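Source: prediction; values computed, not measured. Naming convention: chains lettered A, B, ... in sequence-line order (proteins, then strands); numbering from 1 in each chain.
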Amino acid sequence: MPELPEVETIRRQLDEAVTGETVLRVQVLDPLLVAPESPNRFRRSVEGRTVAGLGRRGKYLLVELDSGDTLAMHLRMTGRLHHTPSGRGPADAHRRARFTFGDGSTLDFSDTRRFGRAWIVPADHPDPEGYWRARVGVEPFDRAFTPQRLGALLAGRSAPVKASILAQRLVAGVGNIYADEALFQAGVHPARPAGSLDAAEVAALRDAIRDRLRAGIRSGGASIDRYRDTIGKAGTMQDMLRVHRHEGDPCPVCGTTVVKIRVAQRGTYLCPECQPTG
DNA sequence: ATTTTCCCCTGCCGGC
DNA sequence: TGCCGGCAGGGGAAAA
């Protein structure tokens, strides 16, 4: 579910809500959430620690603790984080963990499909930068995300360009929704071999990725199904999607019927007129 | 090395 | 109505 804009929305809200607060209690209701670490070990790393700040790498949410440890979380498909000032979180059969803070508020990690994970990147990790570099590539809003950089990442690849921008090790934070929307805006067919884009197409794609992700952040994320922010509110980006989940609808630019195909094992929406194969 | 396939989970939806 | 296959915004491991 959550891609960069959704995780960024959550990061900003949590930074506001829990930075400076001390975690009094950690309850792990589903050991799978912290596997392969033991719930007790996980709990001991977090209880008593104060939140120094909230970070993000791609779709990874990072809770920096005063111990120097990082509590890393990934929401995967259906994970949610719900913060409740009163401490009385909503009844939820899919709650996997609860963090209780010094101000009496609680943070619930709930996850229907149980793909989400939480784990500790320890303060004494020998190479934290390398740890993240192995998982996530360039941040779309980093100065380093230039057309030249994207071009270098795509050059020589035969895989579909959509698969390449979905690859987190290349570009961090783009998921299925924003990939479809960015490729549409750039006028690039998702199944085109990544290395076949010319410089103008690469530049258009880079601008489109930034533009669509920015729109997603501004609108509080896309709540197609499960996504909600930390106070349970839906975003509005779903109302601004132009092709994703719009199979059979007219293209907002040219009126041609939007089609759904399969690219990189993912449902993929596009306008065959605006995004020619050639 | 890169690319593709399979898998992890649960719920929902459409077709028969 | 009920069952079944397919699909879902994620990524990691294994296979090709």
Side-chain angles (χ1 to χ4, degrees), chain A residues 1-10 29-36 56-61 72-81 92-96 109-119 131-137 152-184 190-196 209 212-213 215-217 219-229 234-248 260-270:
Chain A
M1 112 181 151
E3 307 181 25
L4 187 154
E6 289 74 28
V7 179
E8 178 62 18
T9 299
I10 290 168
L29 297 101
D30 181 359
L32 187 59
L33 177 71
V34 298
R56 180 186 60 73
R57 295 292 290 259
K59 304 172 192 170
Y60 294 83
L61 182 69
M73 297 192 267
H74 199 301
L75 301 172
R76 293 289 185 97
M77 300 281 271
T78 53
R80 280 190 197 178
L81 285 167
D92 184 354
H94 302 295
R95 184 150 50 91
R96 307 297 172 194
F109 190 132
S110 87
D111 186 7
T112 306
R113 286 175 70 182
R114 305 171 71 204
F115 285 158
R117 291 292 182 272
W119 68 100
Y131 177 88
W132 291 112
R133 202 164 47 240
R135 289 161 178 76
V136 293
L153 291 171
L154 301 182
R157 294 184 183 276
S158 61
V161 60
K162 180 174 175 183
S164 298
I165 61 173
L166 284 176
Q168 299 302 299
R169 278 163 214 218
L170 301 183
V171 182
V174 178
N176 207 34
I177 297 175
Y178 295 95
D180 281 355
E181 294 298 303
L183 286 161
F184 169 73
R192 291 264 308 280
S196 75
I209 289 172
R212 292 298 83 199
L213 291 176
I217 294 171
S219 55
S223 293
I224 288 178
D225 184 14
R226 290 276 309 168
Y227 171 75
R228 295 294 184 277
D229 67 12
T236 58
M237 186 64 192
Q238 65 279 3
D239 302 326
M240 296 163 60
L241 301 181
R242 310 202 256 236
V243 289
H244 188 81
R245 302 253 178 156
H246 280 289
E247 181 183 20
K260 181 184 184 185
I261 64 175
R262 199 122 186 117
V263 176
Q265 287 71 248
R266 315 295 297 278
T268 299
Y269 301 83
L270 65 109

Checklist entry - Is the side chain of A:Glu3 donor-acceptor paired with the backbone N or O of A:Ile177 at a distance under 3.5 Å, no angle test? => result yes

Item to check | Summary of protein contacts for nucleotides 2-8 of chain B, nucleotide by nucleotide, where a base hit scores B, a sugar-phosphate-only hit scores S (4.0 Å, heavy atoms) | outcome: SSSB--B

Next on the checklist: Quick one: does any side-chain atom of A:Arg57 pair with a main-chain N or O of A:Tyr60 as donor and acceptor, under 3.5 Å?
Outcome noted: no

Checklist entry - Nearest-Å distance, CZ (A:Arg226) to C1' (B:dT10)? => result 10 Å

Next on the checklist: With a 4.5 Å cut-off on side-chain heavy atoms, are A:Leu81 and A:Leu61 touching?
Outcome noted: yes

Checklist entry - When you compare C:dA13 with B:dC9, how far apart are their P atoms, in angstrom units rounded to a whole number? => result 15 Å

Item to check | Partner set under salt bridge (Lys or Arg N to Asp or Glu O under 4.0 Å) for A:Arg114, not counting sequence neighbours | outcome: A:Asp30

Checklist entry - Looking only at heavy atoms, which two atoms of A:Leu154 and A:Ser164 are closest? And how far apart? => result CD2-CB, 3.7 Å

Checklist entry - How close or far is atom P of C:dA8 from atom CG of A:Leu241, stated in whole angstroms? => result 15 Å

Checklist entry - Counting only N and O atoms by type, is there a donor-acceptor contact under 3.5 Å from the side chain of A:Glu181 to the main-chain atoms of A:Arg212? => result no

Item to check | Distance, rounded to the nearest Å, where A:Tyr131 contributes OH and C:dG12 contributes C1' | outcome: 12 Å

Next on the checklist: Any side-chain to backbone donor/acceptor pair from A:Arg266 onto A:Arg262? Under 3.5 Å, distance only.
Outcome noted: no

Item to check | Single hit among A:Met73, A:Arg56, A:His74 for side chain to side chain contact (heavy atoms under 4.5 Å, CB included) with A:Val7 | outcome: A:Arg56

Item to check | Runs of at least three Watson-Crick or G-U pairs with DNA chain C, cut-off 3.5 Å | outcome: B:2-8 with C:10-16, B:10-16 with C:2-8

Checklist entry - Between atom CZ in A:Arg114 and atom C1' in C:dA8, what is the gap in whole Å? => result 18 Å

Checklist outcome for this item: Side-chain contact check for A:Tyr60: nearest option of B:dT10, C:dG10, C:dG11 is C:dG11

Checklist entry - Which is true for A:Gly267 with a 4.0 Å heavy-atom rule: it touches a base, it touches only sugar-phosphate, or it touches nothing? => result sugar-phosphate

Checklist entry - Side chain of A:Arg262: nearest nucleotide among C:dG12, B:dC9, C:dA8? => result C:dA8

